[in-house]
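Taking it in order: structure first as structure tokens, then the write-up.
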Amino acid sequence: MKTRTYGWVQNPSSFSNLKKIVQIFDINSPHYQDLKLNLLKNIYFTNIKAELQKKFDKNVKVFSYVELVGTSKNKLGKSPKNRQDAVANSIIQVSITPQQAKKTGKTWTDNWTSDGFLRWAVSLNFIKVDIKKDIFSITENGLSFSQSTSGSSEETGILQIALLAYPPATQILSLLDSANQYCTKYYLGANLGFRGEKGFTSYNEDIMFDWLNSADNKEKKKIKSDVEGTSDKYARGICNWLKNVGFVKTGAAKKIFSDGKEEKFQGYKITGKGLSALRRSQGSSKNKQIEKFVMWEFFATDGQNRDYVRARRAFIVKFLTKPIILKQLIKKLGEKGFHDSQEIIESDIQGLKYFGLRIEQKNDKLFLLDKINNFHIPDLNFTRELKNDQIEKRKEKFLKITSLPMKYIELLEIAYDGKRNRDFEIVTIELFKEIYKINAKLLGGSRKPDGLIFDQNFGVIIDTKAYSNGYTKNIAQADEMIRYIEDNRRKCKTRNPNCWWENFPADIPKNNYYFLWISSKFINNFNEQLIYTANQTETKGAALNVEQLLLGAAAIMKGNIAISNLINYFDNKEILFADSPISS
DNA sequence: TCGGATGACGCTGATATACT
DNA sequence: AAGTATATCAGCGTCATCCG
């Protein structure tokens, strides 16, 4: 049986497009007719087109995932080298007008956006799925939405209720409620869903503001439109949906710096209407509440242990429907075959809170304040093969011995994921700032190092790289570092007009600068890169692997290492703060 | 900026090749 | 010759940023 992902939606934003997707399953709707008479013709492959045309002519209203979402195929029916070469092969693809339609004349969208629209419709309980057969049909709510007049208050009302039943939306509203000011997507994304783990990247707000502050105008524009994590994007999307039903408004989220300069990101704030709807939906008595709609697929999006993790969280929610003490919860999970440590379960509970379920702990007892639909957990045998997964074990161990917040423990995974280079950079800088308690700045951009850390006596130039197989010697990288060290020594505007070194305080003694590479692990002859760089520049540097990065943070937090002594660890080799707890 | 768009990548399952 | 193990490879699903 195929398991798919619902609950987290990337691209879709327009409710009128959503309505079309729901109307695919309503034979009396205008969009159904439009597909039947016009739009299906835009499907490129004649056999698929004919099959679907036949179904629409027969007023079929149940479709499979492939019929709806399709795949990415070029005219030859092969996976295209560029996604732009993909032609239409599904119902949703030809239902959505692409962004550049006017310019290009293209009449279909891609399979990823199509997947997003289907997810959205399922997540709002307008469309339901039979996961055994992988087929989709309309729900009662979906039918009311389909039949409501566009732009009517009835339509808005249906959407409002659907959003209030969707936990991530009430999580956003709750966050906006307690903040009571314009919030950035970064702040919201950091407190949404299973943030930090695979599928839930979020960038630290402070670091983003700092970055904006040290960027020129061209870079600023780029940062504002380009730089956001997956969770931040989810937050932005949800805010826009909420805005469209009148629960949220937009305005500038500002930060004022010590020099009086001010930086802005797009901000979101709850409206009076949003506030009263939130209060109403949470009701004082459970039977007046709006029941939350969840599916087990909401509880994780990706990753190799996905279904195991989803099931574990789903059972936690099931067990929480009656007040329960933590020890008892852990025991019951054990009986189901989930033998995870208390730390993991606690971090799941935290994740479920950020997901949007209100879970309270009084003394030892856990209370779930929300009413939840009776969702189904499929009977897969997740529990056997998936658990002894190395990386989970490693995370669990580090969580235990370092007592660091889960979002930093995730670095153990991020460091090995080349796709998440930016995430690795930002979370690392955040770790320095929050746990090492040292000044840390993200720079990024061309001809700048990734980041800096410093206090009044010393400064370190940092380069971070997420590599799945480890960092091996790379002379180009060494030369880049050498250039930065020279930049900083000469502080010459004509040499490098962006003057990134001005982010260091001016009074650091000239001979107290260091360089540092941070990565998953360092392999082969990496050490030669350190020696080479040190010799060329007559400075000292080091390499720090992600395990040591965390162990160092733990040592600092426990007071075993003073941050002022940090530079004593720089000796042109890999830094060893403490022995790794992993026997390899 | 908003509302998607794009290239990448791990996984899965099918086919090819090697080994017994 | 047939059966089994391993290598190769393409397609699918899902990001994680990126962009017109």
Side-chain angles (χ1 to χ4, degrees), chain A residues 1-18 65-66 68-74 76-86 89-90 92-93 96-104 106 108-120 134 184-185 189 193-203 220-234 236-241 243-244 250-252 264-268 297 300-307 386 391 413-414 416-427 444 466 468-469:
Chain A
M1 187 175 71
K2 204 131 190 104
T3 64
R4 302 189 181 277
T5 301
Y6 304 107
W8 301 98
V9 179
Q10 278 202 350
N11 290 351
S13 184
S14 135
F15 284 128
S16 62
N17 276 341
L18 175 65
Y65 179 86
V66 174
L68 291 162
V69 173
T71 53
S72 186
K73 290 270 166 68
N74 62 18
L76 302 170
K78 294 280 179 190
S79 294
K81 213 161 124 267
N82 303 313
R83 291 180 60 101
Q84 296 182 67
D85 299 337
N89 67 354
S90 81
I92 299 181
Q93 285 179 29
I96 303 296
T97 312
Q99 252 170 7
Q100 303 297 315
K102 281 212 182 90
K103 225 161 106 189
T104 62
K106 199 163 167 265
W108 65 94
T109 190
D110 70 323
N111 65 318
W112 173 237
T113 297
S114 300
D115 179 274
F117 273 103
L118 183 63
R119 280 191 197 192
W120 198 17
D134 208 25
T184 64
K185 60 187 172 185
F194 307 97
R195 80 280 162 269
E197 64 186 48
K198 195 155 168 28
F200 293 92
T201 318
S202 173
Y203 300 160
K220 275 193 168 80
K221 198 176 157 197
K222 208 167 153 48
I223 292 168
K224 285 189 182 179
S225 82
D226 284 12
V227 185
E228 62 187 346
T230 309
S231 265
D232 307 328
K233 184 167 172 42
Y234 290 142
R236 174 161 68 94
I238 293 167
C239 282
N240 279 320
W241 306 342
K243 185 185 175 189
N244 286 336
T250 49
K264 297 185 264 197
F265 279 111
Q266 174 71 290
Y268 305 92
E297 290 95 334
T301 58
D302 199 8
Q304 42 181 325
N305 267 348
R306 179 178 85 174
D307 288 346
L386 292 165
I391 204 161
E413 200 172 337
I414 301 170
Y416 287 87
D417 190 344
K419 245 167 86 177
R420 301 173 71 181
N421 229 325
R422 178 150 273 162
D423 197 19
F424 185 47
E425 248 171 72
I426 296 178
V427 177
S468 63
N469 298 314

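Just so it is clear, the values below take in all heavy atoms, side chains as well, and ignore hydrogens, waters and symmetry mates. It should be emphasised that the depicted structure is a prediction, and the values quoted were computed from it without experimental measurement. A, B, ... follow the sequence lines: proteins, then strands. Residue 1 opens every chain.
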- Item | Donor on one side chain, acceptor on other, T3(A) and D307(A), under 3.5 Å | yes
- Message: Pick the closest DNA chain B nucleotide for I223(A) and for K81(A) by heavy atoms, then say which residue is nearer the 5' end.
- Response: I223(A)
- Item | Qualifying residues under side chain to side chain contact (heavy atoms under 4.5 Å, CB included), relative to N421(A), sequence neighbours excluded | K465(A), A466(A)
- Query: In whole angstrom, what separates D110(A)'s CG from dG11(C)'s P?
  - Reply: 18 Å
- Message: What is the distance, to the nearest angstrom, from the CG atom on L76(A) to the P atom on dG11(C)?
- Response: 11 Å
- List in chain and number order the residues that pass salt bridge (charged side-chain N to carboxylate O under 4.0 Å, His left out) with K243(A), two or more places apart in sequence or in another chain; answer none if no residue qualifies. none
- Item | Nucleotide dC9(B), atom P - distance to CZ of R306(A) in whole Å | 19 Å
- Message: Parallel, tilted or perpendicular: which one describes the rings of Y234(A) and W8(A), with boundaries at 30° and 60°?
- Response: tilted
- The ring pair (Phe, Tyr, Trp, His ring centres under 6.0 Å) partners of F265(A) (sequence neighbours excluded) come to Y186(A), F209(A)
- Separation of atom CD in Q84(A) from atom C1' in dA8(B), rounded to whole Å: 15 Å
- Message: Using a 3.5 Å distance criterion without hydrogens, assess whether the side chain of S202(A) forms a donor-acceptor pair with backbone atoms of D232(A).
- Response: no
- CG of L118(A) versus C1' of dG13(C): gap in Å, rounded? 13 Å
- Can you tell which of dT14(C), dG3(B), dC12(C) lies closest to the side chain of T71(A)? dC12(C)
- Task: Applying side chain to side chain contact (heavy atoms under 4.5 Å, CB included), name anything that partners T113(A), two or more places apart in sequence or on another chain.
- Result: N11(A), T109(A), D110(A), F117(A)
- Query: Taking NZ from K78(A) and P from dC12(C), how many angstroms apart are they, rounded to a whole number?
  - Reply: 10 Å
- Item | End-to-end axis angle, where each axis spans five pairs of the helix from dC2(B)-dG20(C) to dT20(B)-dA2(C), to 10° | 20°
- With sugar-phosphate meaning primed atoms plus P, OP1 and OP2, does K102(A) contact a base, only sugar-phosphate, or nothing at under 4.0 Å between heavy atoms? nothing
- Item | Integer-rounded Å distance: dG11(C) P and N111(A) CG | 13 Å
- Task: Would you kindly give the CG-to-C1' distance between D85(A) and dG11(C), to the nearest whole Å?
- Result: 16 Å
Quick one: which protein N/O atoms are closer than 3.5 Å to N/O atoms of nucleotides 13-15 of chain B? Pair and distance per line, please.
none

- Message: Taking side-chain hydrogen bond (donor to acceptor under 3.5 Å, both in side chains) as the definition, give me every residue that meets it alongside Y65(A), ordered by chain and number, with sequence neighbours left out.
- Response: D115(A)
- Could you pull out all residues at least two apart from K222(A) that satisfy salt bridge (charged side-chain N to carboxylate O under 4.0 Å, His left out)? D226(A)
- State which residues pass ring pair (Phe, Tyr, Trp, His ring centres under 6.0 Å) with W108(A); sequence neighbours excluded, sorted by chain then number. none
- Item | Contact pattern, 5' to 3', of nucleotides 15-20 of chain C - B, S or - by protein heavy atom under 4.0 Å | BBBBBS
- Message: So Y65(A), base contact, sugar-phosphate only, or nothing? Heavy-atom distance under 4.0 Å.
- Response: sugar-phosphate
- Item | side-chain hydrogen bond (donor to acceptor under 3.5 Å, both in side chains) partners for T104(A), two or more places apart | none
- Query: By salt bridge (charged side-chain N to carboxylate O under 4.0 Å, His left out), which residues pair with R420(A), not counting sequence neighbours?
  - Reply: D423(A)
